[in-house]
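Have a look at the structure below, then the notes.
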Amino acid sequence: MAMQTTVIDHPLVTHKLTALRDVHTGSPEFRRLADELTTLLGYEATRTIAVAPRQVETPVGTADGVELALPVPLIVPILRAGIGMLDALARLLPEADIGFVGLVRDEQTLVASTYATRLPADLTGRAAFVLDPMLATGGSLETAITMLLDRGAATVTAVCLLAAPEGLARLEATFPSPSARVHVVTACVDARLNDKGYILPGLGDAGDRLFGVI
Ligand code: PRP
Ligand code: URA
């Protein structure tokens, strides 16, 4: 099976994504919507997370349940814009560790370069969740996912608010069968990229809309 892509087709997700796209939505509202969308996408992104049996005593009996299996997952927001998704996933997975990768795209060549890496050296057996609101050419996520697989991550799930077909095709080519360890979860696959590498119709520059123009 090739890389898996899941598009979350849910009216609440589409409603919030529409408001996020709106050019009239300012930073405070944009941050809140990005947080809420990540919670909703995170619910699906964690659907196959490993659990172990756990029995608990209720006030009136014994219940068979589960708890997250060890080793704990790793959440990796891609700086800058992925920081806008971190709180939401960390609330869903409070046990998880958090690593950081800083990537910036050259605006002319569209090539992503790495300016920060704070990741555990050994991720053997661990599930990793990469957060990046925009999957455009796919260069940034290709770099981040490769770092995590090279360190031994058992699975890498990328949570993206928006994806372009060009970026998905690139990741499918880079992580083909049998690399079924890679999964992309997104709220929408948009039409295409423009000649500046922006997603159309997209939402503009996610980092600038979250944190201001540099
Ligand atoms: C943006 C966005 C993604 C990346 C996607 O980051 O936040 O990380 O571009 O593009 P790609 O799929 O073509 O690589 P940017 O480089 O603008 O940095 P920022 O998050 O600091 O604004
Ligand atoms: N990065 C963004 O922030 N927006 C895009 O449309 C493409 C890359």
Side-chain angles (χ1 to χ4, degrees), residues 3 5-7 16-31 33-35 37-38 41-42 45 75-89 98-119 128-149 156-175 182-214:
M3 182 190 87
T5 301
T6 303
V7 181
K16 291 179 190 295
L17 180 63
T18 305
L20 191 81
R21 291 181 190 274
D22 189 336
V23 69
H24 300 110
T25 298
S27 278
E29 178 76 350
F30 192 95
R31 285 191 206 134
L33 289 163
D35 177 89
L37 280 162
T38 305
L41 299 188
I75 303 173
V76 183
I78 305 302
L79 310 182
R80 249 182 335 158
I83 290 288
M85 304 171 72
L86 175 59
D87 275 3
L89 205 68
I98 300 171
F100 296 88
V101 175
L103 288 167
V104 66
R105 252 186 6 161
D106 181 297
E107 289 185 7
Q108 310 305 321
T109 63
L110 302 182
V111 174
S113 60
T114 310
Y115 61 85
T117 313
R118 295 290 281 164
L119 294 173
F129 294 88
V130 186
L131 305 177
D132 193 338
M134 310 303 276
L135 168 52
T137 67
S140 301
L141 269 178
E142 182 183 66
T143 300
I145 293 169
T146 300
M147 283 180 187
L148 296 166
L149 292 177
V156 180
T157 304
V159 185
C160 305
L161 301 183
L162 277 183
E166 294 90 333
L168 284 172
R170 177 170 176 166
L171 295 186
E172 276 160 13
T174 308
F175 308 109
V182 178
H183 184 190
V184 174
V185 177
T186 186
C188 190
V189 180
D190 268 11
R192 64 182 176 88
L193 298 179
N194 71 10
D195 59 4
K196 292 193 162 66
Y198 277 83
I199 298 176
L200 290 179
L203 51 74
D205 188 305
D208 288 0
R209 295 198 63 183
L210 282 163
F211 303 123
V213 179
I214 289 184

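Atom set for the values below is all heavy atoms of this structure, side chains included, hydrogens, waters and symmetry mates excluded. Both counts, for ligands and for their atoms, begin at 1 and track the order of listing. Residue numbers count from 1 along this sequence.
Using modelled atom types, one side-chain atom of Glu166 and one backbone atom of Leu193 make a donor-acceptor pair closer than 3.5 Å. Checking side-chain atoms of Thr5 against main-chain N and O of Val184 turns up no donor-acceptor pair under 3.5 Å. A distance-only check finds no donor-acceptor pair linking the side chain of Arg105 to the backbone of Ala112 [under 3.5 Å]. The backbone N or O of Leu210 sits less than 3.5 Å from a side-chain atom of Arg31, completing a donor-acceptor pair. In this structure a side-chain-to-backbone donor-acceptor pair under 3.5 Å is present from Arg209 to Thr25.
We find the CG-CD1 distance between Leu119 and Ile98 to be 12.5 Å, quoted to the nearest 0.5 Å. For the atom pair Leu41 CG and Leu131 CG, the distance stands at 10.0 Å (nearest 0.5 Å). Expressed to the nearest 0.5 Å, how far CG of Asp132 lies from CD1 of Ile83 amounts to 11.0 Å.
For the residues Leu135, Asp132, Leu131, Thr143, the heavy atom positioned nearest atom 3 (C) of ligand 1 is part of Asp132. The heavy atom nearest to atom 12 (O) of ligand 1, out of those in Gly138, Ser140, Ala163, is found in Gly138.
The protein atom (non-hydrogen) at minimum distance from atom 22 (O) of ligand 1 is Arg80 NH2, 3.1 Å. Shortest contact from atom 18 (O) of ligand 1 to any protein heavy atom: Leu103 O, 4.0 Å. Nearest non-hydrogen protein atom to atom 8 (C) of ligand 2 is Arg105 NH2, 3.4 Å. The protein non-hydrogen atom at the shortest distance from atom 3 (O) of ligand 2 is Ala206 N, 2.8 Å. Nearest protein neighbour of atom 6 (O) of ligand 2, counting heavy atoms only, is Ile199 N, 2.8 Å. Counting protein heavy atoms only, atom 17 (O) of ligand 1 is closest to Asp205 OD2, 4.2 Å. Counting protein heavy atoms only, atom 13 (O) of ligand 1 is closest to Thr137 OG1, 2.6 Å. Given atom 10 (O) of ligand 1, the protein heavy atom at minimum distance is Arg105 CD, 3.2 Å.
Taking a distance limit of 4.0 Å, we find that atom 5 (C) of ligand 1 is approached by some protein heavy atom.
In terms of heavy atoms, Ala144 sits closest to Leu103 at CB-CD1, 4.4 Å. Scanning both residues, Ala136 and Ala164, for their nearest heavy atoms gives O-CB, 3.7 Å.
At least one N or O atom of Gly204 sits closer than 3.5 Å to an N or O atom of ligand 2. Considering backbone and side-chain N/O atoms, Met134 never comes within less than 3.5 Å of an N/O atom of ligand 2. Checking only distances, Tyr115 never comes within under 3.5 Å of ligand 1, N or O to N or O.
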Inset, instruction - Could you go through the salt bridge (Lys or Arg N to Asp or Glu O under 4.0 Å) check for Lys16 and Asp35 one step at a time? - result: CA-CA 10 Å; Lys16 291 179 190 295; Asp35 177 89; over 6 Å; no
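Taking every non-hydrogen atom of Met134 and a distance limit under 4.0 Å, the qualifying atoms of ligand 1 come out as 3 (C), 5 (C). Which parts of ligand 2 touch Tyr198 is read off a 4.0 Å heavy-atom cut-off, strictly below it: atoms 4 (N), 5 (C), 6 (O), 7 (C). Distances below 4.0 Å separate heavy atoms of Ala81 from the following atoms of ligand 1: 7 (O), 20 (O). For ligand 2 and Ala136, the ligand atoms under 4.0 Å from any heavy atom of the residue are 7 (C), 8 (C).
Here the side chains of Met134 and Leu203 are in contact, with some heavy-atom distance below 4.5 Å.
Residue contact check for ligand 2: Gly197 places a non-hydrogen atom closer than 4.0 Å to it.
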